[in-house]
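Given the structure is predicted, the values throughout are model-derived calculations rather than measurements. Proteins get letters first, then strands, A, B, ... in listed order; numbering begins at 1 in each.
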Amino acid sequence: MSAGKVAVRAALGVLAAALLVSLALPWLPVGDPSAASLPDQLRPPDGSHWFGTDALGRDVLSRTLFGVRSSLWIGLLAAAVSLVLGVLVGALAGFSRPRVDAALMRLVDVLYGIPFICLVIFLLAVLREHEPWLRAHGITRETVLYLVVGGTSWLTMARLVRNEVVRLKSLPFVESARALGLPARRVLLRHVLPNAYGVILVALTLTIPSIVLYEAFLSFLGLGIEPPGVSLGLLAAEGIESITPVHAAWWLIVFPGGALALVLLALSLVGDAARDRFDPR
Amino acid sequence: MSDPPLLDVRALATVLRTEDGPVPVVDGVSLSIRRGETLAVVGESGCGKSMLALSLLRLVDPPLAIAGGEVRLDGDDLLALPEARMRSVRGRRIAMVFQEPMTALNPVLTVGEQVDEVIVRHEKASRREARRRTVALFEEVGIPDPARRVDEYPHQLSGGLRQRVVLAIALACGPSLLIADEPTTALDVTIQAQVLDLLRRLQAEREMAVLLITHDLGVVAEVAHRVAVMYAGRIVEEAPVRTLFEAPAHPYTRALFRSMPSVERGRGRLEAIRGTVPAPADWPPGCRFHPRCGEARPECATDVPPLRPWAERAETRVACFARDAADAEAPR
């Protein structure tokens, strides 16, 4: 087995473990991530707190695991949103007449030109103004976060899907499906899109890590998850705050940061492997 | 011979809409096919023969568009049908077989599902009923062990079997016209012969009309009753297959035969037609073949020769001023 394959297996293992732990978290003996304990402030790692404690005496191991969970969760949900939007727009463009195609793809080009980080920050800031209203309608911060991030991350997916649909559309089996009198919607859903799975899968696996990083970045800036919620970006921000000229609690940065790096690396490795496997180019 | 033709095409024109105006790809093609008859349309790649087939089914996508003419199937004007009714003509009354058996089937569906789909769609049959008919169709097109094969994916089948599946799909709803676009081009010679035999047998059994599109004169000799020779978007000659092979009339048809290897003529160099097939945008005025023609006359460069019966062989129709002139001079 080549070194590359070992790395991919390891990455899959890390992701599987992260997912399993995230799902099983309520039943694991890790303690409450928000349970403060003033006598235990800023303890370095030891037998009772493996990752140490933070400035409020909260267990960093528990906070890191919950952070991984919310980061993964938002990453997956936002990726799902971007998948739906990207496939919808891409398939519509690729399968429609040239004029509709051109209009949709120019729209994508224009959106590509907007610096998204500014747009997202703006959107999140505006939505925060309406937070009471949103909460009254059962829309939490997490929901807003993944909708906004997912809603701005579908452009690459749309382009890839559109190109693949255009390529597939000219293949004889698609022509033949039309020549057999199948309605356009059925041709698209049954004969075109299922054959685009490789491209969609590759785009998806490359979207997820970028979204996880996006979320961490926004939470770090204080625009994403807010206390008492936990996320890896938020933990990193808290870790940096704890660094003072008199005292540096290294474990507050190393463990959440290491967890984020590990998850991102694993996601990227799996994405690259998927591209090698499904993308002939 | 007096019954009306099954398919009657009059002056069909398909154009490519460009910024510089429409460019013809199929330019006033008229032809007709009777029930149970095989008409071969022969021509080099790029002469518009595949576009002709797609136009008959109204499957041309923008920037291509049908610009005029009439397509009548059993009296119904296909170009005037609403799209929804046209969909029930496709696959049910006219079926089409594409070249390239490698890519003519959807790789993510089993071959059985792809036949079922058409039957369910057009005949409102239940899934079980459709599957039963699919197995019977596989049997009919000579696929061994059909009950097992229906659940296989295209990549599990050989090229010959795949082409048989493609035929089964086309025949699923008992079409009265089968359009076969280069049905054997991608196959080995032995498999080609089998598929052609099968095509001929199915046609005879089902009394189906076949429009065979090919560049292969060998295939034409094998299965066609009548031949239409197409050059640069127009039909230049039309004749029964024997007549065409015995006495080709149009200079282009003659050149085609001279460029084909033959046992009688023996070894020696094959003659290539001088010049190249022009692209649609570069089609010359007058007779489209005149720049490459050895018998070209002055009027060939300006006027379009109409398709007219040839004096030498009454069953041949040819579009050529040189032939017309020879006919006029010949002593009666």
- Task: Considering only heavy atoms and a distance below 4.5 Å, find which of B/E83, B/R121, B/M86, B/R92 pairs most often with chain A.
- Result: B/R121

- Would you say the side chain of A/E175 lies within less than 4.5 Å of the side chain of B/L54, judging by non-hydrogen atoms? yes

- Item | Proximal component of B/L57, with respect to chain A [non-hydrogen, under 4.5 Å] | side chain

- Query: What heavy-atom pair brings A/S176 and B/A104 nearest, and what distance separates the two atoms?
  - Reply: OG-O, 4.2 Å

- In short, A/P98 meets B/P62 closest at the heavy-atom pair CG-O, 3.7 Å

- For atom CZ of A/R186, is the number of surrounding heavy atoms from other residues, nucleotides or ligands below 6.0 Å larger than 12? yes

- Query: What are the two closest heavy atoms between A/Y197 and B/V108, and how far apart are they?
  - Reply: CE2-CG1, 4.3 Å

- Item | CG-CD1 distance between A/L180 and B/I119, expressed to the nearest 0.5 angstrom | 11.0 Å

- Task: Counting only heavy atoms closer than 4.5 Å, note whether B/D61 contacts chain A via side chain, backbone, both or neither.
- Result: side chain

- Note on the structure: Of all heavy-atom pairs linking B/R90 and A/A179, the shortest is CB-O, 3.2 Å

- Query: For A/P194, is it the side chain, the backbone, both or neither that has a heavy atom under 4.5 Å from a heavy atom of chain B?
  - Reply: both

- Just how far is it from atom CZ of A/R178 to atom CZ of B/R58, taken to the nearest 0.5 Å? 11.5 Å

- Item | Where A/H191 and B/N106 come nearest, the two heavy atoms and their spacing | ND1-ND2, 3.0 Å

